[in-house]
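Report on one structure; see the data block that follows.
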There are 4 protein chains.
Amino acid sequence: MPVPLSPRKAPRQARALVTHDAIVEAAAHIIAQGGLAAFNTNVVAGRAGVSIGSLYQYFPNKDALMVALIHRQQARQLEALTAAVSRVSGENLETVIRAVVRAAMQHHHDDSLLASAIDHEEARLPIDSILNGYLDRGGALVAALLARFAREIRPLDADHAERTLPALVRAVTDAWANLSPPRLDVAEDEAVRAVLGYLR
Amino acid sequence: MPVPLSPRKAPRQARALVTHDAIVEAAAHIIAQGGLAAFNTNVVAGRAGVSIGSLYQYFPNKDALMVALIHRQQARQLEALTAAVSRVSGENLETVIRAVVRAAMQHHHDDSLLASAIDHEEARLPIDSILNGYLDRGGALVAALLARFAREIRPLDADHAERTLPALVRAVTDAWANLSPPRLDVAEDEAVRAVLGYLR
Amino acid sequence: MPVPLSPRKAPRQARALVTHDAIVEAAAHIIAQGGLAAFNTNVVAGRAGVSIGSLYQYFPNKDALMVALIHRQQARQLEALTAAVSRVSGENLETVIRAVVRAAMQHHHDDSLLASAIDHEEARLPIDSILNGYLDRGGALVAALLARFAREIRPLDADHAERTLPALVRAVTDAWANLSPPRLDVAEDEAVRAVLGYLR
Amino acid sequence: MPVPLSPRKAPRQARALVTHDAIVEAAAHIIAQGGLAAFNTNVVAGRAGVSIGSLYQYFPNKDALMVALIHRQQARQLEALTAAVSRVSGENLETVIRAVVRAAMQHHHDDSLLASAIDHEEARLPIDSILNGYLDRGGALVAALLARFAREIRPLDADHAERTLPALVRAVTDAWANLSPPRLDVAEDEAVRAVLGYLR
DNA sequence: CATGAATGAGTGTTCATTCAT
DNA sequence: AATGAATGAACACTCATTCAT
């Protein structure tokens, strides 16, 4: 019998939703501070201000909480991307790319431990369908952009670009944001250069 | 007193070196199969064919074993890169890039769990100086290539390129190798395109 | 960061207090039977009838349990001494001394292993302030007695007597109670003789 | 089958004797520093400058090493006592007592951890006959002294005094030597007072 | 529903002891 | 004899999960 990974209850009431989010938020904070090694349901419950029993009312097990956290991070990323794209709807290619890069960078701010933890758990957990959902929606955004600037870029396979481009942005961001001190300015410039280079 | 992360004994005799490597190899295998969640010193010792006591003769604690594994992966990567570069010394830019990309991809073969685990542990453990050592050596290789093809590429900051380029390759590889089935052919093409785009 | 030695939770509920005491009692029993070599948290938990997890809810580590045991023994000793003194408030010097000696002996009954174990752990653990607290309270009792019989004893430094007298009683008790069979009758006579000799 | 506690070989050759003593000496040092909790055969061998294998050539097990250490301490104490007594052969009672007290104190210098450890192990190990041997020899010394000063002391049971007096000295010494800083001067005065009080 | 005490399988680590060299 | 690498039973301690209140 496979271990259930979906939330135990669809949080319908407002209070339940608040508690649910508080727990996921606490998990994110704990992992951002100490990595997967510090990810402990009792500690998460404590930081969320709920009892360990309540945590298990919302999540049937630890992996399910991890999945909820993955959902949150993916949704946030997608949301930020969407917002960034709509914000620069009339601008030229480079401005748009820069806006998108900036949005993607926001969530890597000082959470490199959280980001790499989620990477690893995404690979470990059987959640391909979930991830593909987010990937498709992100891909659609990218495809729309590619179509819009079709004249300025060289011909390319949209399916490929949809997967390659976000990876590009993410990698460059990681490489430059994890220094001490982080070089977010360089990260942005380098990511923009990489994306434009790939496209043109 | 910080927890010691360096190996307990410099393995001098041949047998000791073999044992040391067998343990690190076993750790790599365990993590590649089950992720960090399956990384367990007793299991590693078992798979390495040594007693748990022997494992602790070579590594003062679990983190030290992880550090040794990080060393191994970094060294292998660097070695593969160096070999690839020297193998294509007379070729043109694209051929060289393709060779380098192929070398970098080799170690992501079917070890995406291992790769992401190491990413995460590199961020968690206090081993900046170790990582910078490998980064510098990889950077030197890149810098040499950049100098060789200076005429074909646009002017760029070598310090930036040294850090951005390996990240590019890695990210694109990750994105395409972690599918099921992996699309290593696409990964190679996309990575080459990204690198050439960045450079030209 | 020094290892914490204080109890993990102040036991508030009645049940918690019972559990706490059961664990300490079990520790005392285990050590009395087999000495420090037999003092093992898993065995203590088993004898206390609680799980090992519960033991660690009450005590952050093994040393903290030892400290609680030291507290218990010191408190018992002090309590017995106080009771003995108040019980013979109107009697003459020798009667009082004999009562005090008898009280002090009670806890060496057949626990010589426990007594010597606690001696050793008191010397090993950084708990001077705790021990001084009990010493001071015991000293106050002795000082009151000395004052009461000031006319019958030779002039002496009360500070010295407070520390020397309990040691005297304890040593003589040890010497005679650890025989097989124990000679508690001789122990009492000898201790009384030593104390009276010291005082007069 | 009871575990053997006697030395594996009677060390006949000079070199073997040196090694034997070095091991016992190392054990004493380790325990004096860290108590029984730090008493570890591998560490002892290291400090003694021999291999762990050699240690087990001289002692069949850890308890046997402990017994050898007990022998050493008892022998030293007896030796010191004998020397002290013969050194003051013509003096008066108080001078003799003071010399004996001083001799007894010497070995408690800053070894309270070692002393209490040995106490505890003497109670745990089945070595009554060994201990009685030392007790008898010490008792004989005391008996001789008592006989010599028979006129100055009140009538007492020599068997009792033989056991009580050393305990007295030891306890008072412990009580005053384990302070920080140790009050060896007070210890001496108090011990002399206690002994003279007991005798007169 | 919420709580948090309790559980106990599991895991990291130690250390007495052995034995091939 | 001497060595020290190797062993593995034993132990301190953790933490996901349950359930009586």
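As a basis for the values below, the full set of heavy atoms in this structure was taken, side chains included, without hydrogen atoms, waters or symmetry mates. Lettering of chains follows the sequences in order, A, B, ..., and the numbering in each one begins at 1.
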For L113(D) against G35(D), the heavy-atom pair lying closest together:
CD1-N, 3.7 Å
Here the distance between atom C1' of dT17(F) and atom OH of Y58(A), to the nearest Å, is 18 Å
S54(B): what forms a side-chain hydrogen bond (donor to acceptor under 3.5 Å, both in side chains) with it, not counting sequence neighbours?
S51(B)
Roughly how many Å is it from CD1 in I23(C) to C1' in dA6(E), rounded to a whole number?
11 Å
Please tabulate, one pair per line, all N/O donor-acceptor pairs under 3.5 Å involving side-chain atoms of residues 122-131 of chain B, not counting sequence neighbours.
unit_1	atom_1	unit_2	atom_2	d
E122(B)	OE2	Q74(B)	NE2	2.8
R124(B)	NE	E121(B)	OE2	3.1
R124(B)	NH2	D63(B)	OD1	2.9
R124(B)	NH2	E121(B)	OE1	2.7

Dot-bracket encoding of pairs in DNA chain F, which uses [ ] for pseudoknotted crossings and | for another strand, Watson-Crick or G-U under 3.5 angstrom
.||||||||||||||||||||
Regarding dA6(F), can its base be found pairing with the side chain of Q57(B) as donor and acceptor, where the two atoms are less than 3.5 Å apart?
yes
Under 4.0 Å from OP1 or OP2 of dA6(F): is there any side-chain N or O of T19(B) that close?
yes
Spacing of Y56(D) atom OH relative to dC15(E) atom P, expressed in whole Å
12 Å
Using side chain to side chain contact (heavy atoms under 4.5 Å, CB included) as the criterion, list what pairs up with N40(A), not counting sequence neighbours.
N42(A), V43(A)
Please list, chain by chain and in numerical order, all residues satisfying ring-ring contact (aromatic ring centres under 6.0 Å, His included) with H29(A), sequence neighbours excluded.
none
For T19(A), which residues count as a side-chain hydrogen bond (donor to acceptor under 3.5 Å, both in side chains) partner, sequence neighbours excluded?
none
I'd like to check the side chain to side chain contact (heavy atoms under 4.5 Å, CB included) partners of R76(B); sequence neighbours left out, ordered by chain and number.
E25(B), R72(B), Q73(B), H107(B)
For the backbone of L36(C) and the side chain of H120(D), can you confirm whether one donor and one acceptor N or O come within less than 3.5 Å of each other?
yes
Please list, for nucleotides 8-11 of chain E, all pairs of protein and nucleotide N/O atoms separated by less than 3.5 Å.
unit_1	atom_1	unit_2	atom_2	d
dG8(E)	N7	G53(C)	N	3.3
dT11(E)	OP2	N40(B)	ND2	3.2
dT11(E)	O5'	N40(B)	ND2	3.0

